[in-house]
Amino acid sequence: MKIKVLNYFIINKFKPNQKKILDVQIMDEEEGSLINKKFINNEKKISFIVRSVGHINPAVENYYPLTVEIDESVDLKDLKDLIFTDYDEN
């Protein structure tokens with residue numbers, strides 16, 4: 001599966017329970033859940049894990065907000081317009 005990051009948001013920016021949200025476009029869809037799936041951009045060596053999938057109203061095909069777990073050292077603005085592929089550790 002390939003996804004492109006379109007935008008990013010941080011909820012509760014200054015609290016320890018902050019949520020990092022990436023708006024993504026699914027470019028190459030596969031069957032199955034996105035939750036707990038790891039995505040990587042090999043060029044920049046950045047990865048994240050999807051923790052939940054939101055929805056928008058009205059629905060837009062192939063566009064989703066994802067709550068992600070990502071290394072604290074990564075600046076979310078650096079993810080914008082990057083393409084990520086799912087990573088299978090097996």
Visitor: For a quick test of reading the model, state the closest non-hydrogen atom pair linking T67 to K19 and the distance between them.
Guide: CG2-CB, 4.3 Å
Visitor: Using atom types as modelled and distance alone, determine if a side-chain donor or acceptor of D86 lies under 3.5 Å from a backbone N or O of M1.
Guide: yes
Visitor: In the single-linkage hydrophobic clustering (I, L, V, M, F, W, Y; side-chain heavy atoms under 4.5 Å), do L34 and V68 co-cluster?
Guide: yes
Visitor: Once rounded to the nearest 0.5 Å, what's the spacing between atom CD of Q25 and atom CD1 of I83?
Guide: 9.0 Å
Visitor: Checking side chain to side chain contact (heavy atoms under 4.5 Å, CB included) between L76 and each of I21, V5, I10, which is the one that passes?
Guide: I10
Visitor: Hey, does D78 have a side-chain heavy atom less than 4.5 Å from the side chain of K44?
Guide: no
Visitor: Taking all non-hydrogen atoms of both residues into account, name the closest pair between I35 and S52 and its distance.
Guide: CG1-CA, 4.3 Å
Visitor: Would you mind telling me which of I70, N41, I40 makes a side chain to side chain contact (heavy atoms under 4.5 Å, CB included) with F48?
Guide: I70
Visitor: Indicate, with yes or no, if V53 and L79 share a hydrophobic cluster defined by side-chain heavy-atom contacts under 4.5 Å among Ile, Leu, Val, Met, Phe, Trp and Tyr.
Guide: yes
Visitor: With side chain to side chain contact (heavy atoms under 4.5 Å, CB included) as the criterion, how do K77 and Y8 come out once you've worked through the C-alpha distance, each side chain's angles and the decisive distance to 0.1 Å?
Guide: CA-CA 7 Å; K77 71 179 178 185; Y8 62 92; 3.3 Å; yes
Visitor: Check whether any side-chain heavy atom of K20 sits under 4.5 Å from a side-chain heavy atom of E72, and report yes or no.
Guide: yes
Visitor: Could you tell me the separation between the CZ atom of F84 and the CD atom of E43, rounded to the nearest 0.5 Å?
Guide: 10.0 Å
Visitor: To the nearest 0.5 Å, what is the distance between CG (N42) and OH (Y87)?
Guide: 9.0 Å
Visitor: Between K38 and E69 (salt bridge meaning N to carboxylate O under 4.0 Å), is one present in this structure?
Guide: no
Visitor: Looking at every non-hydrogen atom in both residues, tell me the closest pair between N7 and K80 and how far apart they are.
Guide: OD1-NZ, 4.3 Å
Visitor: Let me know which of L22, L82, T85, I26 forms a side chain to side chain contact (heavy atoms under 4.5 Å, CB included) with I3.
Guide: I26
